[in-house]
Amino acid sequence: RQRQMCIRDREWCDFDTAISEATAALESAGRIGDEMGRVHAIATLAYASGKLGNAGDALRYGNEGVKLSKASSNVKVLGGCYVYLGIAHSLEGDWEQSIQYFEKGLALQDRADSPLYSAILRMDFADTLLKKGDVKGAKKVLREALRFARMVGVAPLVRAIERELKKLG
């Protein structure tokens, strides 16, 4: 459960450590030929890089994650990688590309039947919409996130989303 909450907020996660550990995991997976391990490590690098504001690495790892996820037919990780590309493009102020990647990634995430990640990644989308100045859109996305969070019953996540919605009025 700590790992689940870790991916939501810097307050709960040390993204520098995530990058260090994912880099080591990527090297290990490469040495032993574990393609799924590589995919997951690259996805972690894409997300953590984006959360730390490093658009270049987030784009590089996100694109690599998309390529590897497609090859492995892993819809859940593919959806995540598209969202991570959305985060990266938002860092560059490319709102159109960002929103397209978020929407594509969330659709795949929903198809993968992963309500926990559907909730968490929608929180990232809401953050991006707020940076863009779209409060109405962010509220809509947060209400969707809340619905998914309640489906899985992760109380700290439900409370975090409710707090975000309350802040927005």
Side-chain angles (χ1 to χ4, degrees), residues 1-132 138 141 144-145 148 154 157 160:
R1 194 146 116 182
Q2 180 63 30
R3 182 184 182 295
Q4 294 168 350
M5 296 311 300
C6 174
I7 62 177
R8 168 57 195 122
D9 192 289
R10 180 134 177 115
E11 176 181 322
W12 295 329
C13 186
D14 178 354
F15 289 110
D16 293 311
T17 299
I19 286 175
S20 175
E21 291 178 3
T23 299
L26 181 60
E27 290 169 6
S28 294
R31 272 194 312 275
I32 63 172
D34 178 1
E35 280 307 302
M36 285 313 301
R38 282 178 32 88
V39 170
H40 285 282
I42 288 168
T44 300
L45 288 166
Y47 186 71
S49 295
K51 295 305 279 184
L52 288 171
N54 187 336
D57 281 350
L59 284 168
R60 180 169 53 95
Y61 289 123
N63 282 317
E64 189 174 350
V66 165
K67 181 177 142 191
L68 292 173
S69 297
K70 283 181 177 178
S72 71
S73 301
N74 190 321
V75 176
K76 182 177 169 183
V77 177
L78 177 60
C81 287
Y82 279 127
V83 167
Y84 309 154
L85 286 170
I87 292 170
H89 283 282
S90 75
L91 293 170
E92 296 188 329
D94 186 349
W95 303 115
E96 186 175 325
Q97 275 286 88
S98 176
I99 290 168
Q100 287 175 3
Y101 278 120
F102 268 108
E103 289 174 346
K104 188 173 189 172
L106 291 171
L108 286 169
Q109 209 52 237
D110 295 350
R111 197 173 93 206
D113 193 28
S114 180
L116 175 64
Y117 288 100
S118 289
I120 292 167
L121 296 175
R122 276 178 169 77
M123 292 183 76
D124 286 315
F125 188 24
D127 290 344
T128 293
L129 291 171
L130 286 173
K131 288 176 192 166
K132 181 181 179 277
V141 169
E144 293 169 3
F148 282 109
V154 179
L157 182 60

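For clarity, every value in this text was computed on a predicted model and none was experimentally measured.
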Using side-chain heavy atoms (C-beta onward) and a distance below 4.5 Å, is [X] in contact with [Y]?
X: Val77; Y: Leu68; value: no
X: Asp94; Y: Glu96; value: yes
X: Asn74; Y: Glu35; value: no
X: Leu106; Y: Tyr82; value: no
X: Met36; Y: His40; value: yes
X: Glu92; Y: Leu59; value: yes
X: Tyr47; Y: Phe15; value: yes
X: Leu157; Y: Met123; value: yes

Inset, instruction - Identify which one of Val83, Asp110, Asp127 satisfies the side-chain contact (heavy atoms from CB on, under 4.5 Å) criterion when paired with Arg122. - result: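 Running side-chain contact (heavy atoms from CB on, under 4.5 Å) over Val83, Asp110, Asp127 with Arg122 returns exactly one hit, Asp110.
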
Quick check for you: to the nearest 0.5 Å, what is the distance between [X] atom [atom1] and [Y] atom [atom2]?
X: Ser28; Y: Arg38; atom1: OG; atom2: CZ; value: 12.0 Å
X: Leu85; Y: Tyr101; atom1: CG; atom2: OH; value: 5.5 Å
X: Thr44; Y: Tyr84; atom1: OG1; atom2: OH; value: 7.0 Å
X: Ile42; Y: Arg60; atom1: CD1; atom2: CZ; value: 9.5 Å
X: Leu52; Y: Leu91; atom1: CG; atom2: CG; value: 10.0 Å

Looking at every non-hydrogen atom in both residues, tell me the closest pair between [X] and [Y] and how far apart they are.
X: Ile99; Y: Leu129; answer: CD1-CD2, 4.1 Å
X: Gly79; Y: Leu108; answer: CA-CB, 3.8 Å
X: Ala22; Y: Ala41; answer: O-CB, 3.5 Å
X: Cys81; Y: Gly62; answer: CB-O, 4.0 Å
X: Pro115; Y: Phe148; answer: O-CB, 3.4 Å
X: Ala58; Y: Ala46; answer: CB-O, 3.6 Å

Inset, instruction - Start with the C-alpha distance between Asp57 and Leu45, add both sets of side-chain angles, then the distance that settles side chain to side chain contact (heavy atoms under 4.5 Å, CB included), and finish with yes or no. - result: CA-CA 8 Å; Asp57 281 350; Leu45 288 166; over 6 Å; no

Strictly distance-based, threshold 3.5 Å: is any side-chain N or O of [X] a donor or acceptor partner for the main-chain N or O of [Y]?
X: Ser118; Y: Ser114; value: yes
X: Gln97; Y: Gly86; value: no
X: Ser90; Y: Ile87; value: yes
X: Thr128; Y: Asp124; value: yes

Inset, instruction - Considering only NZ, NE, NH1 and NH2 on the basic side and carboxylate oxygens on the acidic side, decide whether Lys67 and Glu64 come within less than 4.0 Å. - result: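 Here Lys67 does not pair with Glu64 in a salt bridge, since their nearest N and O are not under 4.0 Å apart.
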
